[in-house]
Amino acid sequence: MSYEFSRFLAELVTGYNHFILVYFILINLGYLVIFILSLRALWQFVKRSFFPDYEKIRESDLAPPISLLVPAHNESRNVVESINSLLQLNYGTYEIVVINDGSTDDTLAVLIEEFDLRESSEPVRVSLPSKEIHRIYRSLAHKDLVVLDKAQGGKSDALNAGLNVSRYPLFCSIDADSLIEENALLRLVKPFVEAPRETVAAGGIVRVANGCTVVDGRVARVGLPRSRIALMQVVEYLRAFLAGRAGWSAIQSLMIISGAFGLYRKKEIIEIGGYTEDTDTEDAELVVRLHKAMADAGRPYRIIFIPDPVCWTEVPETWRVLIRQRSRWHRGLLQTLWKYREMFLRRRYGSVGMVGMPWFVLFELLGPVVEILGYLTISLAWYLGILDRSFVLMFLVVAFAVGALLSVGALLLEEIAFRRYPRFRDLLRLLAYGFLENFGFRQFMSLVKVKALVELAFRKRGWGKMDRRGFEPHEPHEPPFPAESSGSAGRHGKDSA
Amino acid sequence: MRTFVAIAIMLLVGLLAGLMIYLLARRLVTGWLAAVEARRRASLEEKLYPWFSGASAQTPPVLRRLRRWPDRRLFIELCLAWLPEADAPSRQRLIDWLEENGYVDQWIAQLGHRDPWKRERAAQLLGVARSEEAVEPLVEALDDPALDVRMRAAAALGALGGQAARSALIEALTDQNRWSTIRIADLLSEMGPEVGEEVLQAYPRMSRGAQLAAIDLLARIGGARTGAFFKELLIDPDRDIRARAAAALGRTGYRPAVPWLLEALLDEAWPVRAMSAKALGAMRVEEAIPRLCAALRDQEWWVRANSAQALDAIGPAGRFALESMRDDEDRFARDQAHAVLAKAGVQE
């Protein structure tokens with residue numbers, strides 16, 4: 001290697017290191033601000049929840065009826081448990097629309113057998129395009145349970161078909177591998193009752209069901225999974241929801257509502273064309289499109305996150321599935337941000353355009369790229385003999401400490417606001433993993449995200465295959481905790497912290 | 001630079017360690033405190049209950065030592081639990097004691113606290129104590145910037161009752177938040193029939209949201225003038241008011257409004273059509289059958305569903321019409337007819 005080239009490389013590496021330093025300070029200041037906003041929002045939420053109005057909402061004639069849309073593709077292991085949990089919801093008027101999206105397993109047969117389904121000839125008014133609906137079934141046992149059997153078209157297509165069949169003015173999208181807590185709908189619908197003209201969408205929190213004991217479609221005992229991969233995700237989800245979305249919601253910049261558990265006003269969603277299939281993450285795309293449509297129309301609106309309604313979901317326990325899932329999420333993030341690039345730094349889109357979009361582009365999307373390039377430049381600097389080892393070591397310690405601090409901060413929010421993990425041992429394990437995930441797991445996830453961006457060229461699409469273990473059944477030797485009267489559920493900790 | 005990073009490391013590691021220790025210690029301490037509180041609460045309850053229930057006339061000595069933590073808070077919690085279910089003499093004894101010992105004054109003062117949570121708590125306690133002294137401050141709290149405080153103050157005034165509370169609550173119906181107006185209407189509906197006339201008088205100067213809530217409220221409490229009033233509202237320019245008025249007419253069963261309801265079945269706004277159909281069904285208006293059959297072909301599901309249910313509710317003539325609609329050329333009309341007849345057990 002010539003001297004000039006070595007010198008050029010050395011200058012490049014030094015320049016990049018300076019850039020990394022500034023980037024690191026900015027991203028962590030940003031996280032700190034979001035954390036403080038989340039802390040404030042959760043504190044207010046906890047204070048308000050001393051005086052719940054939920055029963056009043058349930059009793060009110062004006063509580064809007066809700067259609068629960070449950071798209072299912074090869075979900076035979078979990079779908080019955082999931083629907084049983086939906087049938088037990090504490091809410092006035094609601095219907096459950098399960099969309100069997102061309103499952104190749106026995107999902108439909110299981111549903112027909114379990115819920116006594118009979119074919120129905122009811123007509124469908126098509127407001128949104130979707131693949132052909134083969135048959136519509138209604139349950140003889142539960143009058144408000146409808147099952148659609150349709151040609152496979154993906155999750156967005158399934159949700160559009162469900163929207164066409166649904167009757168009610170609000171709809172809630174729920175993953176078939178998720179469990180909703182009993183009062184979750186009451187909590188999620190509250191902003192729609194309090195501010196019906198402005199509220200167009202609301203999302204709840206998604207928690208990890210692996211390790212919990214499920215009895216009759218309810219999480220009877222909250223516990224932590226044995227799998228280390230799943231345990232890391234427990235911390236990730238808490239950080240993403242409690243220390244992330246709560247803060248974004250507080251500044252009206254919530255850009256993601258989990259597909260696993262979100263409540264929307266149907267009219268607005270149909271007006272903007274329903275779910276689309278041109279991104280890998282239909283949930284994020286829908287929310288950003290909704291922001292754009294509302295702002296373009298000049299309508300006052302609210303899209304909010306409520307930290308209490310809980311949806312419990314099963315997360316991947318193998319690296320293979322986790323990598324596939326995260327790749328899909330990151331591809332979807334890029335597709336969504338690219339699709340709505342005109343919102344970037346545009347004042348007419350309010351805080352979403354001026355704060356949310358820039359943050360997601362600069363830090364959520366490009367953060368992993370910057371991080372991986374950082375590790376590469378360290379190697380290059382070592383090769384060129386210009387590595388300041390003590391400084392690099394100190395910098396890495398700071399980076400790991402900040403990462404651990406954010407995770408522990410999220411656990412603090414969880415402890416102050418909800419304390420869903422009652423055992424002391426669980427708290428210790430969460431703290432340990434909040435610390436340990438910074439040593440390897442986080443870096444590996446960054447690598448996966450970078451790989452996902454590269455994969456975009458291949459346009460890998462579709463549902464992705466999730467290897468289900470099924471919800472953990474009741475353990476007879478250990479009595480379950482009494483069912484929680486408060487709280488609720490959700491999933492897809494998409495905004496990585 | 002190195003020094004700066006070294007300081008940052010020390011600060012971060014210190015903060016991290018502190019946070020982790022705090023989390024663990026908090027879990028242990030709160031667990032211990034909860035156990036201590038449960039014991040204290042049981043002990044306090046045992047000492048107070050004889051006096052509170054009237055079994056003992058002597059004021060328990062423990063009430064003089066209430067400044068001690070955590071007895072004071074526990075005592076307030078016990079008051080909150082006991083007072084709503086107490087008989088009149090027990091309630092009066094406790095309220096007198098609370099007033100004499102400055103609790104009510106303290107809660108009134110807390111209505112001006114800068115923390116909305118404390119104001120809300122104070123309003124709740126005043127509502128439970130139902131002290132007459134609190135009426136005026138609670139009326140002022142109906143203008144509190146925090147919605148939850150306003151709601152709690154309204155609930156307290158609802159519990160207190162009386163002319164002043166009633167007038168203040170009717171005034172509070174003009175609150176811009178729809179949910180609070182609904183809740184205030186709920187409270188007013190429980191304050192007796194005399195509320196109706198006052199609401200009718202206040203209606204013209206109410207906001208739109210308040211008017212909607214007032215219509216619901218009037219439908220619930222009834223009254224001689226309400227039917228005619230609702231009938232006039234069927235030609236209001238606001239579609240939500242027309243829809244609410246139609247629903248109210250169904251609830252009150254005001255038959256002179258039937259011709260107007262039949263017209264409203266052709267209203268341009270679907271909520272009005274849906275509510276009119278429902279009202280005609282509730283009033284069992286046989287002459288509405290042809291129009292309800294036509295409404296079964298409406299574009300909106302709610303209108304079709306309500307019309308089919310109305311035909312079923314009308315009785316044999318309506319059901320006969322519904323059966324004939326099973327062969328209608330409109331498949332949506334056929335489907336609704338089938339669905340309602342199946343529900344009624346007329347067909348499989």
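Chain letters run A, B, ... following the sequence lines, proteins first and then strands; every chain starts at 1.
Heavy atoms of R334(B) lying under 4.5 Å from chain A are absent altogether. Heavy-atom distances place no part of S120(A) under 4.5 Å from chain B, backbone and side chain included. Only the side chain of D115(B) comes within contact range of chain A, with heavy atoms under 4.5 Å apart. Interface remark: Q299(B) contributes backbone and side-chain atoms alike to the contact with chain A (heavy atom separation under 4.5 Å). Looking at P191(A), neither its backbone nor its side chain comes within 4.5 Å of chain B, counting heavy atoms on both sides. Residue contact with chain B, scored on non-hydrogen atoms closer than 4.5 Å, is absent for L393(A). Only the side chain of F435(A) comes within less than 4.5 Å of a heavy atom in chain B; its backbone stays farther off.
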Start with the C-alpha distance between L411(A) and M20(B), add both sets of side-chain angles, then the distance that settles side chain to side chain contact (heavy atoms under 4.5 Å, CB included), and finish with yes or no. CA-CA 9 Å; L411(A) 294 177; M20(B) 288 169 99; over 6 Å; no
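The environment of R208(B) atom CZ is dense: over 12 non-hydrogen atoms of other residues, nucleotides or ligands sit within 6.0 angstrom.
One distance of note links CG of L15(B) with CG of L405(A); it measures 4.5 Å at 0.5 Å rounding. Note: R27(B) CZ to E415(A) CD = 4.0 Å, rounded to the nearest 0.5 Å.
Minimum heavy-atom separation, L412(A) to Y22(B): CD1-CE2, 3.5 Å. For R167(A) against W302(B), the heavy-atom pair with the smallest separation is O-NE1, 4.3 Å. Across all their heavy atoms, R419(A) and T30(B) have their closest contact at NH2-OG1, 2.8 Å.
With respect to chain A, the highest number of heavy-atom pairs below 4.5 Å among L12(B), L23(B), V13(B) belongs to L23(B).
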